[in-house]
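A short write-up of the structure that comes next.
What you are looking at is a predicted structure, and each value in this text was computed from that prediction instead of being measured.
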Amino acid sequence: MKIGLAYALEGEIESILRTTDARQLETVCGVAVYEIAPDVLAYVGGVGKVNAAMSAQLFIDRYHPDWIISAGVAGCFRDLPIGAMVLADSFIQHDVDTTAVGDPIGFVSTVDRVEFPTSDVEAISALLSSLGVEHLTGRVATGDAFISGGSRADWVAETFSPVLCEMEGGAAAQVCLRNGVKFTALKSVSDRLCQENNAEEYFNYPQAMEKLNSIVLPFARALAGLN
């Protein structure tokens with residue numbers, strides 16, 4: 001099984017590149033693609049929904065993965081510690097709004113749905129547990145804004161009841177759905193949207209990424225080994 005790890009930023013994948021025999025395969029349209037291990041590739045697509053969608057489609061067309069894993073950090077609506085791991089069971093796009101023509105909030109007309117499920121959630125959760133990874137499973141909200149609290153965060157929480165909020169996963173989930181490629185998202189909590197900005201440990205990106213990258217490669221290798 002061929003696995004693709006989807007990252008938004010070079011800084012997010014740096015520790016994996018430094019500690020493995022990874023080699024860069026190419027850069028296409030600004031998307032860097034790496035071979036991390038046999039049957040495990042990775043690409044760095046950029047921040048936001050357009051970058052996430054474009055890079056996912058490019059990667060699918062050129063490398064034909066069986067499964068894509070969106071790996072990254074996210075803000076959390078619950079009181080979870082920095083570095084807590086969340087396995088997404090579905091995505092919504094909080095900045096899609098065609099309610100003026102009668103659609104429900106978040107409705108994506110091209111595929112006629114609000115919610116984008118991830119693949120084989122129970123089996124993936126069991127695989128993570130077998131690797132000793134403590135994790136929470138829940139919905140993730142995606143949108144083209146770095147939300148750090150305030151009225152917008154309150155609205156997203158009240159409208160969609162997500163565990164996390166980030167900027168790429170929902171777009172990648174939509175692309176994978178339309179291509180028939182299985183999709184998983186593993187996110188590490190980097191900031192707490194339930195706290196004020198001046199609260200202790202409100203935001204810690206390095207700690208969240210260190211925790212994520214200690215888990216994501218063993219997880220990808222284990223997933224690649226499944227038939």
Side-chain angles (χ1 to χ4, degrees), residues 1 3-8 12 40 49 52 56 65-94 96 105-106 108 111 113-143 147 153 156-177 180-195 204-205 207-226:
M1 185 187 300
I3 306 298
L5 297 175
Y7 287 90
E12 294 178 335
V40 179
K49 288 166 58 180
D66 300 292
W67 212 303
I68 286 180
I69 302 168
S70 175
V73 299
C76 188
F77 289 104
R78 299 188 187 177
D79 190 15
L80 297 178
I82 302 297
M85 302 306 301
V86 177
L87 173 66
D89 62 18
S90 61
F91 281 85
I92 59 86
Q93 297 180 47
H94 65 76
V96 175
I105 188 69
V108 180
V111 287
R113 62 170 62 234
V114 171
E115 192 169 61
F116 292 83
T118 59
S119 301
D120 301 349
V121 176
E122 290 185 6
I124 295 300
S125 179
L127 179 59
L128 286 168
S129 295
S130 74
L131 297 171
V133 178
E134 295 184 3
H135 61 283
L136 177 71
T137 301
R139 173 184 286 178
V140 179
T142 297
I147 296 178
V156 171
E158 293 167 4
T159 304
F160 299 104
S161 301
V163 176
L164 302 177
C165 189
E166 47 87 85
M167 298 180 66
E168 293 85 27
Q174 182 176 335
V175 170
C176 286
L177 176 72
V181 174
K182 289 195 171 186
F183 179 74
T184 290
L186 191 60
K187 302 292 181 175
S188 180
V189 172
S190 59
D191 49 293
R192 296 167 172 165
L193 298 173
C194 60
Q195 293 185 352
N204 193 324
Y205 172 82
Q207 181 179 331
M209 281 310 308
E210 180 181 1
K211 179 66 176 294
L212 177 69
N213 281 341
S214 70
I215 291 167
V216 71
L217 188 53
F219 168 61
R221 284 174 167 153
L223 183 59
L226 296 179

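Atom CD1 of residue Ile69 and atom CD1 of residue Ile3 lie 5.5 Å apart, to the nearest 0.5 angstrom. In this structure, the separation between SG on Cys176 and CH2 on Trp67 is 11.0 Å, given to the nearest 0.5 Å. Taken from CZ in Phe219 to OG in Ser214, the straight-line distance is 13.5 Å, to the nearest 0.5 Å. Rounding to the nearest 0.5 angstrom, the gap separating the CG atom in Leu80 from the CG atom in Leu164 is 7.5 Å. Note that CD1 of Ile215 is 9.5 Å distant from CD of Glu134, once rounded to the nearest 0.5 Å.
Residues Thr118 and Ala88 share a closest heavy-atom pair of OG1-O, 2.7 Å. Here the closest heavy-atom approach between residue Arg113 and residue Pro117 is recorded as NH1-CD, 3.4 Å. For the residue pair Leu212 and Ser188, the shortest heavy atom distance occurs at CB-CB, 3.8 Å. Ser119 approaches Thr184 most closely through the heavy-atom pair O-OG1, 4.1 Å. The heavy-atom pair separating Gly138 from Val86 by the smallest distance is N-CG1, 4.4 Å. Of all heavy-atom pairs spanning Gly75 and Ser190, the tightest one is N-OG, 4.3 Å.
For the pair Phe183/Leu177, no side-chain contact is recorded, criterion being any heavy-atom separation below 4.5 Å from C-beta on. Annotation: side chain of Thr142 is not in contact with side chain of Phe116 (no heavy-atom distance under 4.5 Å). Asn213 places a side-chain heavy atom less than 4.5 Å from the side chain of Tyr7. Within the 4.5 Å cutoff, side-chain heavy atoms of Pro162 are placed close to those of Val156. Side-chain contact between Leu223 and Ile124: present, with at least one pair of heavy atoms (C-beta onward) separated by less than 4.5 Å. Within the 4.5 Å cutoff, side-chain heavy atoms of His94 are placed close to those of Ile147. Side-chain contact between Val96 and Lys49: present, with at least one pair of heavy atoms (C-beta onward) separated by less than 4.5 Å. Using a 4.5 Å heavy-atom threshold, the side chains of Leu128 and Met85 count as separate.
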List the steps, then state whether side chain to side chain contact (heavy atoms under 4.5 Å, CB included) holds for Arg78 with Leu136.
CA-CA 11 Å; Arg78 299 188 187 177; Leu136 177 71; 3.8 Å; yes
With side chain to side chain contact (heavy atoms under 4.5 Å, CB included) as the test, would you mind laying out the steps for Glu115 and Arg139 before giving the verdict?
CA-CA 9 Å; Glu115 192 169 61; Arg139 173 184 286 178; 2.5 Å; yes
I would like to know whether Lys182 and Ile68 meet side chain to side chain contact (heavy atoms under 4.5 Å, CB included); could you show each step before the answer?
CA-CA 6 Å; Lys182 289 195 171 186; Ile68 286 180; over 6 Å; no
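In terms of modelled atom types and a separation under 3.5 Å, the side chain of Ser129 and the main chain of Ser125 share a donor-acceptor contact. Not one N or O on the side chain of Thr137 forms a donor-acceptor pair closer than 3.5 Å with the backbone of Asp89.
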